[in-house]
2 protein chains.
Amino acid sequence: MRSNAEDLTTRARIRDAAIGLFGREGFVRATVRAVAAAAGVSPGLVIHHFGSKDGLRYACDQHVLAQTATQGREKSDPESTGQLLRDYLNHPDQYLDEIAYIRRVLIDESEAGDAFFDAVVRQTQDIIHAGIEAGTIRKFDDVRSTAVVIASNSLSILLLGRHLSRTLGTVGLEPHGIGPDLLRQLTLPALEIYTHGFYTDSRFLDAARDALQQDNTSGGREHAL
Amino acid sequence: MRSNAEDLTTRARIRDAAIGLFGREGFVRATVRAVAAAAGVSPGLVIHHFGSKDGLRYACDQHVLAQTATQGREKSDPESTGQLLRDYLNHPDQYLDEIAYIRRVLIDESEAGDAFFDAVVRQTQDIIHAGIEAGTIRKFDDVRSTAVVIASNSLSILLLGRHLSRTLGTVGLEPHGIGPDLLRQLTLPALEIYTHGFYTDSRFLDAARDALQQDNTSGGREHAL
DNA sequence: TCATAGACTAAACAGCTGTTCAACCGGGAT
DNA sequence: ATCCCGGTTGAACAGCTGTTTAGTCTATGA
């Protein structure tokens with residue numbers, strides 16, 4: 001399912017080299033010359049194929065987005081989600097560049113990042129709806145906000161991977177890579193919170209509910225913007 | 001508690017301008033000339049005071065770190081945590097530069113980011129321990145990992161603020177700023193998960209536990225690194 | 001066989017980058 | 001009154017940046 005062979009178009013080779021460098025170094029740090037060198041090509045050719053560095057970025061965005069879109073399809077059922085995860089755990093370094101690129105795209109403001117995040121939220125929302133019907137997931141008043149919270153929590157290990165494996169002492173594949181060890185160590189604590197909760201009772205929830213209620217009734221917003 | 005007056009050392013003015021620009025534009029994009037202009041000063045003077053652009057970054061790191069350290073002290077009890085939050089909600093734009101800077105520092109690999117993340121984890125751990133003793137927080141087998149998960153979840157809204165307010169339609173203060181509206185909308189869903197859980201029963205938790213158990217006993221790591 | 005188009009390169013270009021340097025200014029110490 | 005030193009500036013520097021240009025090579029179609 002992956003074009004790891006060396007028989008790629010020069011254009012594709014440049015694009016892949018750029019995805020790797022943009023993800024690893026960031027868009028600004030990764031120079032056109034570095035991309036060209038990584039692809040074994042002259043700097044001029046990069047511009048020749050993509051018009052400009054921004055054009056190259058756009059092409060990378062589109063490619064990574066398309067790649068993840070095909071992977072993300074039909075993973076609304078927990079079955080294939082687990083399969084996808086198992087797939088990643090067995091060949092983590094194959095997705096490394098892509099993941100690093102997505103991380104960067106989520107951080108810098110870009111339309112590709114917006115699209116990706118929205119897709120994740122949408123899929124999470126679908127999963128929650130399906131889970132509620134199946135009885136495996138609790139009924140939430142505000143499914144959309146809940147999905148956003150869950151998506152945000154899930155993506156945090158993508159964004160903070162470096163710090164997570166650093167403080168937990170697990171071996172990370174790269175500066176910001178997420179190793180199998182890390183996922184293994186975080187799975188149970190996260191699932192424990194997601195099944196039994198974090199607090200022992202609804203004290204905090206009730207307090208917050210009261211505070212927000214009071215905030216609403218007391219003549220609207222008191223926090224000037 | 002804040003030196004918003006104009007009677008600052010030139011050095012401090014440059015530093016503050018740099019914190020703002022580094023947070024807003026990132027370290028690479030923010031040029032020495034831009035910092036100098038923002039501080040109303042010549043580029044040469046910036047170097048004169050901080051030796052180099054990296055020296056300036058170091059000074060910014062130290063300053064922000066010290067600033068947040070004094071704020072983070074003695075907030076292990078929920079009382080002052082709420083106070084801190086209320087303080088932020090009433091004057092969000094005052095902390096804007098600092099928050100944007102911390103966001104950047106967490107993302108780029110830097111020792112300051114490491115220190116900050118570790119501090120957050122440490123404080124979360126303290127809170128959990130205290131909560132367990134007080135009976136408000138569930139007893140967790142692995143408090144450290146749990147603290148890492150909670151900290152990661154919490155920081156995700158700092159890192160993804162832009163996307164959160166974008167998809168939720170709340171008004172954000174800046175590209176990546178976190179507005180009061182956003183916090184208000186996320187509080188209840190997050191607390192609901194934290195008190196009642198996300199799943200209805202321990203099916204997923206048990207399955208994961210079994211899978212990990214089996215993974216351990218089956219001759220060690222099967223995922224080559 | 002020749003012409004043409006596109007892939008590709010080496011060199012050069014202008015602009016911006018961090019940094020240096022010589023000079024200047026103002027005020028406190030001698 | 002003089003010295004002097006830190007804060008400050010403007011101009012300059014070398015290096016790197018994205019991009020352009022002129023030109024070479026190679027395959028393909030007429």
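What you are looking at is a predicted structure, and each value in this text was computed from that prediction instead of being measured.
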> Are A/H48 and C/dC8 close enough that a side-chain N or O sits under 4.0 Å from OP1 or OP2?
Replying inline: no
> If only atom types and distance count, is the side chain of B/R103 paired as donor or acceptor with the main-chain N or O of A/I107 below 3.5 Å?
Replying inline: yes
What N/O pairs connect the protein and nucleotides 15-17 of chain C at under 3.5 Å? Give each pair on its own line.
none

> Side-chain N or O of A/H49 less than 4.0 angstrom from OP1 or OP2 on C/dC8?
Replying inline: yes
> Once you round it to whole Å, what is the distance between P of C/dT20 and CZ of B/F50?
Replying inline: 16 Å
>> Can you tell me which residue among B/D118, B/D114, B/V120 is in a side-chain contact (heavy atoms from CB on, under 4.5 Å) with A/H163?
In response: B/D114
>> Which residues pass the salt bridge (charged side-chain N to carboxylate O under 4.0 Å, His left out) test with B/D142, not counting sequence neighbours?
In response: none
> Do side-chain atoms of B/R104 reach the backbone of B/G23 as a donor and acceptor pair under 3.5 angstrom?
Replying inline: yes
> Of B/G51 and A/T10, whose closest DNA chain C nucleotide lies nearer the 5' terminus?
Replying inline: A/T10
> Of B/I47 and A/L45, whose nearest nucleotide on DNA chain C comes first from the 5' end?
Replying inline: A/L45
>> Using a strict threshold of under 4.0 Å (side-chain N to carboxylate O), is an ion pair present between B/R184 and B/D181?
In response: yes
>> Which residues pass the side chain to side chain donor-acceptor pair (under 3.5 Å) test with A/H63, not counting sequence neighbours?
In response: A/R15
